[in-house]
Amino acid sequence: MLWYYQEHINFAELIDGWLFHGKGRVQAEQVIEQDRRLLIRRGKKVYQDRFRDLYKSVEGVGMHLLIGIEHQSHIHYAMPVRGMEYDSSSYVLQVEKIHRKHEEADDLKADERLCGFAKTDRLLPVITLILYCGSKPWDAAMSLHELLNMEHVPEELHPYIADYPLHILDICHTPDARLQEFPPDIRTMFFFLKYKEEPEKLIQCLPKDKLIRSSTCNAIADCIGERRLKRFVKKEEGEKINMCKAIDMLIMDGEKRGIAIGEKRGEKRGIAIGEKNKKAIERRAKKAEARVRELEQIIKELQEAKIK
């Protein structure tokens with residue numbers, strides 16, 4: 001996932017579908033790489049490293065945005081605090097950067113000089129998005145308030161306690177109509193994750209004439225553990241792939257494998273049954289042979305007695 005969205009075109013399409021419902025507001029040319037490392041000073045000579053999964057800026061959408069993507073395959077039950085720490089650290093780093101520029105220029109006076117920040121200085125907005133692709137529905141807190149024990153806090157004080165909401169895309173439990181708003185490559189990946197065990201539903205969600213990038217197909221193959229898709233990409237030998245055709249290939253391949261497995265199992269079972277029946281027949285034959293010998297002995301003894 002992180003390898004895939006590291007590419008600007010994939011990141012742009014993810015953001016466009018998530019924040020702008022697929023209206024084409026974000027293009028790859030607007031995406032700028034940012035340093036994922038957040039080095040925070042906690043005290044004198046005490047520093048702490050934090051690394052975002054993905055961190056890029058997007059220009060030309062009415063404002064300059066810094067967007068961090070945190071990928072989760074498992075539920076993080078303290079995610080509001082983690083997200084809040086990432087965002088606050090990003091703002092602190094911006095303030096420190098502005099402070100250093102003012103120190104070099106020596107252009108601040110009075111209160112501005114004391115804080116190292118001018119009255120007219122502004123920070124870039126930071127948005128943190130949580131991309132969750134686990135099979136279990138996200139059941140953790142969606143905001144900081146949900147983590148807080150407010151049982152003994154008077155209602156009048158609640159507005160004074162700052163909240164911090166999360167922005168989570170739970171892929172496998174988001175309605176299909178919402179996922180359809182994403183650009184073709186992103187929604188194809190999402191539907192594969194959501195319906196990887198239900199090929200019939202998967203085919204219904206994907207338009208038959210839509211083509212996606214071969215890099216997307218390779219990423220899907222890695223995400224769902226389906227290596228046969230990589231062979232399909234090599235066979236097609238093109239920049240664009242028809243995923244409905246790929247699904248048909250997987251189904252046909254699965255049917256062939258099922259038939260082969262069935263024949264193999266049937267052959268083994270037939271051999272086992274044959275061997276079992278053969279042994280039973282041999283046991284019955286031995287019993288019959290022993291009975292015949294016993295009868296022959298009785299007849300022989302009767303004939304000898306008659307002669308005497």
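Heavy atoms only: backbone and side chains are in, while hydrogens, waters and symmetry mates are out.
Side-chain atoms of Glu112 and His102, non-hydrogen and from C-beta on, never get closer than 4.5 Å to each other. With contacts defined as side-chain heavy-atom distances shorter than 4.5 Å, the pair His64/Ser57 qualifies. You'll find the side chain of Leu129 reaches within 4.5 Å of the side chain of Trp18, heavy atoms only. Within the 4.5 Å cutoff, side-chain heavy atoms of Asp185 are placed close to those of Tyr4. Residues Thr128 and Leu166 form no side-chain contact, since every pair of their non-hydrogen atoms from C-beta on lies 4.5 Å or further apart. Contact of the Ile9 side chain with the Arg213 side chain is registered, since non-hydrogen atoms from C-beta on lie closer than 4.5 Å. When side chains are defined from C-beta on, Leu19 counts as touching Ile67, because their heavy atoms get closer than 4.5 Å. Using a 4.5 Å cut-off on side-chain heavy atoms (C-beta onward), Arg113 and Asp106 make contact.
No side-chain donor-acceptor contact under 3.5 Å links Asp87 to the backbone of Met84. Judged by distance alone, the side chain of Gln72 and the main-chain N or O of His74 form a donor-acceptor pair under 3.5 Å. Remark: the backbone N or O of Glu59 is paired with a side-chain donor or acceptor of Gln30 at under 3.5 angstrom. With hydrogens and angles ignored, the 3.5 Å screen pairs a side-chain donor or acceptor of Arg36 with a backbone N or O of Arg52. Gln180 places a side-chain N or O within donor-acceptor distance of the main-chain N or O of Cys205, the cut-off being under 3.5 Å. In this structure, the side chain of Ser89 engages the main chain of Glu85 through a donor-acceptor pair within 3.5 Å.
A salt bridge is defined here as a Lys NZ or Arg NE, NH1 or NH2 lying under 4.0 Å from an Asp or Glu carboxylate O, and Asp111 with Lys119 fails to meet this definition. One finds no salt bridge joining Arg100 and Glu103 here, because no Lys/Arg side-chain nitrogen approaches an Asp/Glu carboxylate oxygen to under 4.0 Å. A salt bridge is defined here as a Lys NZ or Arg NE, NH1 or NH2 lying under 4.0 Å from an Asp or Glu carboxylate O, and Glu70 with Arg82 meets this definition.
Considering CD1 of Ile98 and CD of Glu96, their distance stands at 11.0 Å, rounded to 0.5 Å. Of the inter-residue distances, the one linking Leu66 atom CG with Lys56 atom NZ reads 12.5 Å to the nearest 0.5 angstrom. Interatomic distance, CZ of Phe191 versus NZ of Lys201, reported as 11.5 Å (0.5 Å rounding). The distance from atom OG of Ser90 to atom CD of Gln34, rounded to the nearest 0.5 Å, is 9.5 Å. In this structure, CG on Leu144 lies 9.0 Å from CD1 on Ile161, to the nearest 0.5 angstrom. Distance CZ/Phe11 to OH/Tyr55: 10.0 Å, rounded to 0.5 Å.
The heavy-atom pair separating Ala12 from Gln27 by the smallest distance is CB-C, 3.6 Å. Minimum interatomic distance between Ala141 and Pro80 (heavy atoms only, all atoms of both residues): O-CG, 3.9 Å. Looking at every heavy atom in both residues, Ala78 comes nearest to Leu147 through CA-CD1, 4.2 Å.
Linking Ile, Leu, Val, Met, Phe, Trp and Tyr whenever their side-chain heavy atoms come within less than 4.5 Å leaves Val61 and Ile32 in two separate clusters. A continuous path of hydrophobic side-chain contacts links Ile130 to Val81 [ILVMFWY only; heavy atoms under 4.5 Å]. Leu193 and Ile168 are assigned to two separate hydrophobic clusters, defined by single-linkage of ILVMFWY side chains at heavy-atom distances under 4.5 Å. Note on Leu124 and Tyr91: same hydrophobic cluster, where clusters join Ile, Leu, Val, Met, Phe, Trp and Tyr whose side-chain heavy atoms are under 4.5 Å apart, directly or indirectly. No continuous path of ILVMFWY side-chain contacts below 4.5 Å connects Ile127 to Leu123, so the two sit in separate hydrophobic clusters.
Exactly one residue among Leu169, Asp170, Leu2 makes a side chain to side chain contact (heavy atoms under 4.5 Å, CB included) with Leu131. That residue is Leu169. The side chain to side chain contact (heavy atoms under 4.5 Å, CB included) test with Cys133 is passed by exactly one of Met189, His71, Lys194: His71. A side chain to side chain contact (heavy atoms under 4.5 Å, CB included) with Ile186 is found for exactly one of Ile212, Leu179, Ile15, Leu14, namely Leu14.
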Applying side chain to side chain contact (heavy atoms under 4.5 Å, CB included), run through Ile69 and Tyr5 and close with a yes or a no.
CA-CA 9 Å; Ile69 299 292; Tyr5 288 115; 6.0 Å; no
So Tyr86 and Asp53, side chain to side chain donor-acceptor pair (under 3.5 Å) or not? Walk me through it.
CA-CA 11 Å; Tyr86 280 142; Asp53 289 343; 6.0 Å; no
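Listed by chain and residue number, Trp138 satisfy the ring pair (Phe, Tyr, Trp, His ring centres under 6.0 Å) test with Tyr132 (two or more places apart in sequence, or in another chain).
For residues 155-189, the set of pairs meeting the ring pair (Phe, Tyr, Trp, His ring centres under 6.0 Å) definition, not counting sequence neighbours, comprises Phe182-Phe190.
Atom CD of Glu7 has 12 or fewer heavy atoms from other residues, nucleotides or ligands within 6.0 Å.
Side-chain polar atoms of Asp16 and His21 form no donor-acceptor pair below 3.5 angstrom.
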